[in-house]
Amino acid sequence: MKLIKLGLIFFLSLSFFSFVFYVLGWNTGLRSQPQVKINTAIQPPLNPDLILVYVNQRRSELKLHPLVKSDQLCKIANTRILEVVRTKQAQTTNPNAHKGIEKYESLYPGIWQELLNYISNTPTEKVFVDTWINSPPHEQAMDNPEYTEGCAAIDGNQAILLVGQPPKTSQP
């Protein structure tokens, strides 16, 4: 019986002191550790195919045929975006923004146009398209009914959209 009383006293004492230590914050340091904050500002990588989706939604609203993704235009766009980022061409509004594009003409012998965009704050695919819509020359290129193909590329806060019409093949 004496052993049971000692055990009960020990258990109650341990419970009491555990409770006191917990209330005072002496519980293995868990309360003193800083809370980890999740950075919600980190954006997932942007998807250039979504730019074409938004452009095609707009073209559908205007009763225009959708742009088909072109492998040739994608090769140019993916190479060109690296140039644009390196030279910061999209960050300017000067007439030289499209400098160097002529060297790609042999890769896509059809008629095509380049749309550049730079968003200084956190961009989304929709923001890129909306910005082009609010710029008359870009809007005209996006809404040109003669263009049947397109491709976009994104690097950080810069995007490029190429729209074009492949050469007509002559039938014998």
Side-chain angles (χ1 to χ4, degrees), residues 33-172:
Q33 292 180 359
Q35 295 292 319
V36 176
K37 292 184 181 180
I38 297 173
N39 184 354
T40 57
I42 296 174
Q43 297 287 325
L46 298 179
N47 181 351
D49 290 338
L50 277 180
I51 287 181
L52 210 52
V53 168
Y54 290 126
V55 168
N56 283 334
Q57 283 178 352
R58 174 174 169 78
R59 289 175 66 90
S60 175
E61 292 167 6
L62 299 172
K63 308 286 190 245
L64 298 171
H65 55 78
L67 297 175
V68 176
K69 188 174 179 181
S70 161
D71 289 339
Q72 288 174 305
L73 288 177
C74 285
K75 286 178 188 174
I76 297 169
N78 289 322
T79 303
R80 182 74 175 137
I81 192 70
L82 299 175
E83 257 177 35
V84 169
V85 168
R86 187 184 75 244
T87 61
K88 300 183 178 169
Q89 284 174 267
Q91 296 182 32
T92 63
T93 55
N94 68 37
N96 293 326
H98 297 280
K99 182 181 175 188
I101 194 66
E102 63 281 349
K103 68 183 166 191
Y104 298 102
E105 289 174 359
S106 64
L107 297 176
Y108 190 84
I111 302 166
W112 56 286
Q113 275 186 278
E114 172 185 61
L115 289 73
L116 296 176
N117 203 334
Y118 171 78
I119 306 293
S120 60
N121 54 3
T122 307
T124 66
E125 298 87 347
K126 182 86 169 100
V127 169
F128 283 125
V129 174
D130 289 345
T131 305
W132 284 321
I133 290 170
N134 291 321
S135 166
H138 293 102
E139 180 185 35
Q140 289 171 359
M142 271 190 346
D143 298 344
N144 187 332
E146 293 182 14
Y147 293 147
T148 58
E149 296 183 338
C151 190
I154 302 172
D155 190 321
N157 56 355
Q158 298 184 59
I160 184 172
L161 173 65
L162 301 179
V163 291
Q165 173 190 9
K168 305 250 188 274
T169 56
S170 58
Q171 296 178 353

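From a predicted model like this one, the values you see are computed outputs, not experimental measurements.
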**Message:** Any heavy-atom pair between the side chains of Asn56 and Leu52 that's under 4.5 Å?
**Reply:** yes

Testing the basics here: between [X] and [Y], what is the closest heavy-atom pair and its distance to 0.1 Å?
{"X": "Cys151", "Y": "Ala77", "value": "O-CB, 4.3 Å"}
{"X": "Leu46", "Y": "Thr124", "value": "CD2-CA, 4.1 Å"}
{"X": "Glu125", "Y": "Asn47", "value": "OE2-N, 2.6 Å"}
{"X": "Ala141", "Y": "Tyr147", "value": "O-CD1, 3.3 Å"}
{"X": "Pro145", "Y": "Leu64", "value": "CB-CD2, 3.6 Å"}
{"X": "Pro123", "Y": "Gly156", "value": "CG-O, 3.9 Å"}

**Residue of the set Asn78, Leu162, Val163, Val68 for which side chain to side chain contact (heavy atoms under 4.5 Å, CB included) holds with Leu73** = Leu162

Roughly how far, to the nearest 0.5 Å, is [atom2] of [Y] from [atom1] of [X]?
{"X": "Gln165", "Y": "Ser70", "atom1": "CD", "atom2": "OG", "answer": "12.5 Å"}
{"X": "Phe128", "Y": "Ile160", "atom1": "CZ", "atom2": "CD1", "answer": "11.5 Å"}
{"X": "Ile154", "Y": "Leu50", "atom1": "CD1", "atom2": "CG", "answer": "8.0 Å"}
{"X": "Leu67", "Y": "Arg59", "atom1": "CG", "atom2": "CZ", "answer": "4.0 Å"}
{"X": "Thr131", "Y": "Lys126", "atom1": "OG1", "atom2": "NZ", "answer": "10.0 Å"}

**Request:** List in chain and number order the residues that pass salt bridge (charged side-chain N to carboxylate O under 4.0 Å, His left out) with Asp143, two or more places apart in sequence or in another chain; answer none if no residue qualifies.
**Result:** Arg58

**Message:** Taking atom CG as the centre, does Asp71 end up with more than 12 heavy-atom neighbours from other residues, nucleotides or ligands that are less than 6.0 angstrom away?
**Reply:** no

